[in-house]
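The block underneath contains the structure these notes are about, expressed in structure tokens.
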Amino acid sequence: MDTNDAAIVLDGFLEEPSVPGDLHGSTARFRLTVSPTDERTDEMILPCGVTDPALALAAIHDLVPGDKLRVTGHLRLPRTPDEPVWLAVTTLAVLQTAPLLTDPAPDATAVLERYGPYVCYFDADTTGVEVFTEAGQPVGTAPDPDKIGALLEAFEERQAAGGE
């Protein structure tokens with residue numbers, strides 16, 4: 001049996017939008033991210049080509065980046081150093097569609113900001129700002145962001161007077 005003619009089946013994620021392989025859109029090309037294990041070093045990006053016009057049309061218009069696909073095809077190894085390795089896809093199935101990102105991300109409700117050796121927690125629901133040392137020791141709560149400097153100054157004076 002010739003191993004070059006054996007079809008292989010791979011599962012992977014569509015890396016980027018499919019593109020037409022010719023002017024008429026009767027062929028398509030796309031890149032599939034394949035990761036047979038959980039190890040990032042085993043991950044590869046495999047160029048794929050579709051020559052069936054109906055399948056090419058579906059690949060160009062129906063697939064979006066992030067879709068999980070199962071492709072069946074024949075691996076084409078390079079015959080010269082300037083030829084790529086690619087998979088000639090004969091069947092394609094969508095296992096899982098990519099999540100739609102049509103809704104904008106919600107506004108941040110809280111933010112951590114660093115001020116030298118201090119961390120400030122800004123909560124959008126209140127005007128108060130909780131302040132901690134980088135080790136997690138509470139410094140106090142400033143009534144509003146403009147008062148953080150005064151809170152830090154008072155904390156540092158207490159630390160110097162206490163010998164800590």
Side-chain angles (χ1 to χ4, degrees), residues 1-126 128-139 145 148:
M1 180 173 149
D2 186 4
T3 58
N4 288 338
D5 291 334
I8 61 171
V9 178
L10 295 171
D11 291 349
F13 293 92
L14 186 63
E15 178 72 17
E16 57 198 11
S18 301
V19 295
D22 60 15
L23 292 176
H24 308 291
S26 61
T27 63
R29 295 181 298 139
F30 59 91
R31 297 184 334 155
L32 191 68
T33 301
V34 179
S35 183
T37 66
D38 289 336
E39 294 292 326
R40 184 152 172 94
T41 55
D42 293 338
E43 190 173 281
M44 70 172 175
I45 296 177
L46 181 64
C48 298
V50 178
T51 56
D52 176 74
L55 193 58
L57 188 65
I60 295 168
H61 297 289
D62 298 339
L63 301 179
V64 296
D67 282 350
K68 185 173 185 181
L69 308 176
R70 175 166 289 154
V71 295
T72 303
H74 296 82
L75 190 62
R76 300 297 183 211
L77 298 174
R79 295 182 186 177
T80 62
D82 60 339
E83 288 182 3
V85 172
W86 62 283
L87 183 71
V89 176
T90 54
T91 64
L92 182 139
V94 177
L95 300 178
Q96 185 177 358
T97 58
L100 294 176
L101 300 176
T102 57
D103 294 335
D107 292 336
T109 58
V111 175
L112 285 175
E113 281 197 25
R114 193 173 180 93
Y115 288 95
Y118 302 101
V119 177
C120 298
Y121 177 76
F122 295 88
D123 187 351
D125 296 331
T126 65
V129 180
E130 295 181 51
V131 182
F132 303 89
T133 65
E134 61 189 348
Q137 176 188 2
V139 171
I148 294 172

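The chain is numbered in sequence order, starting from 1. Hydrogens, waters and symmetry mates are skipped; everything else that's a heavy atom, side chains included, is used. None of these values were measured; they are calculated from a predicted model.
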statement: Across all chains, not counting sequence neighbours, the side chain to side chain contact (heavy atoms under 4.5 Å, CB included) partners of A59 are S18, A28, L63
message: According to side chain to side chain contact (heavy atoms under 4.5 Å, CB included), who are the partners of T41, at least two apart in sequence or on a separate chain?
response: E39
- prompt: At what distance, to the nearest 0.5 angstrom, does CG of L55 lie from CD1 of I60?
  reply: 10.0 Å
field: Residue pair A98 / P65: nearest heavy atoms and the distance that separates them
entry: CB-O, 3.4 Å
message: Rounded to the nearest 0.5 Å, what separates atom CD1 in I148 from atom OH in Y118?
response: 12.5 Å
In a table with atom names and distances, give each donor-acceptor pair under 3.5 Å that connects a side chain of residues 86-96 to protein atoms at least two apart or in another chain.
residue	atom	partner	partner atom	Å
T90	OG1	T72	O	3.1
T91	OG1	T72	OG1	3.0

task: Enter the distance from T33:OG1 to L10:CG here, rounded to the nearest 0.5 Å.
output: 12.0 Å
message: Test of understanding: with side chain to side chain contact (heavy atoms under 4.5 Å, CB included), list the residues that count as partners of V19, not counting sequence neighbours.
response: R29
- prompt: Is the side chain of D123 donor-acceptor paired with the backbone N or O of T126 at a distance under 3.5 Å, no angle test?
  reply: no
message: So F30 and D67, do their side chains get closer than 4.5 Å, heavy atoms only?
response: no
message: Show the nearest heavy-atom pair for residues A110 and Y121, with the distance to one decimal.
response: CB-OH, 3.5 Å
Table please: side-chain donor-acceptor pairs of residues 128-135 below 3.5 Å, with sequence neighbours left out.
residue	atom	partner	partner atom	Å
T133	OG1	A135	N	3.4
T133	OG1	G136	N	3.4
T133	OG1	Q137	N	3.0
E134	OE1	R114	NH2	2.4

- prompt: What residues, two or more places apart in sequence or in another chain, satisfy side-chain hydrogen bond (donor to acceptor under 3.5 Å, both in side chains) together with T51?
  reply: none
task: Report the residues that fulfil side chain to side chain contact (heavy atoms under 4.5 Å, CB included) with A58, sequence neighbours left out, ordered by chain and then residue number.
output: D62
task: Provide the full list of salt bridge (charged side-chain N to carboxylate O under 4.0 Å, His left out) pairs with a residue in residues 78-95, sequence neighbours left out, each pair given once.
output: none
task: Indicate yes or no: at least one non-hydrogen side-chain atom of T97 is less than 4.5 angstrom from one of V64.
output: no
- request: State, to 0.1 Å, how close A56 and S26 come at their nearest heavy-atom pair, and which atoms those are.
  value: CB-O, 3.5 Å
field: Of all pairs that satisfy salt bridge (charged side-chain N to carboxylate O under 4.0 Å, His left out), the ones with a partner from residues 6-21, not counting sequence neighbours
entry: D11-R70, E16-R31
field: Rounded distance [0.5 Å steps], SG in C48 versus CG in L75
entry: 9.5 Å
- request: State which residues pass salt bridge (Lys or Arg N to Asp or Glu O under 4.0 Å) with E113; sequence neighbours excluded, sorted by chain then number.
  value: none
query: Roughly how far apart are L14 CG and L32 CG, rounded to 0.5 Å?
result: 7.5 Å
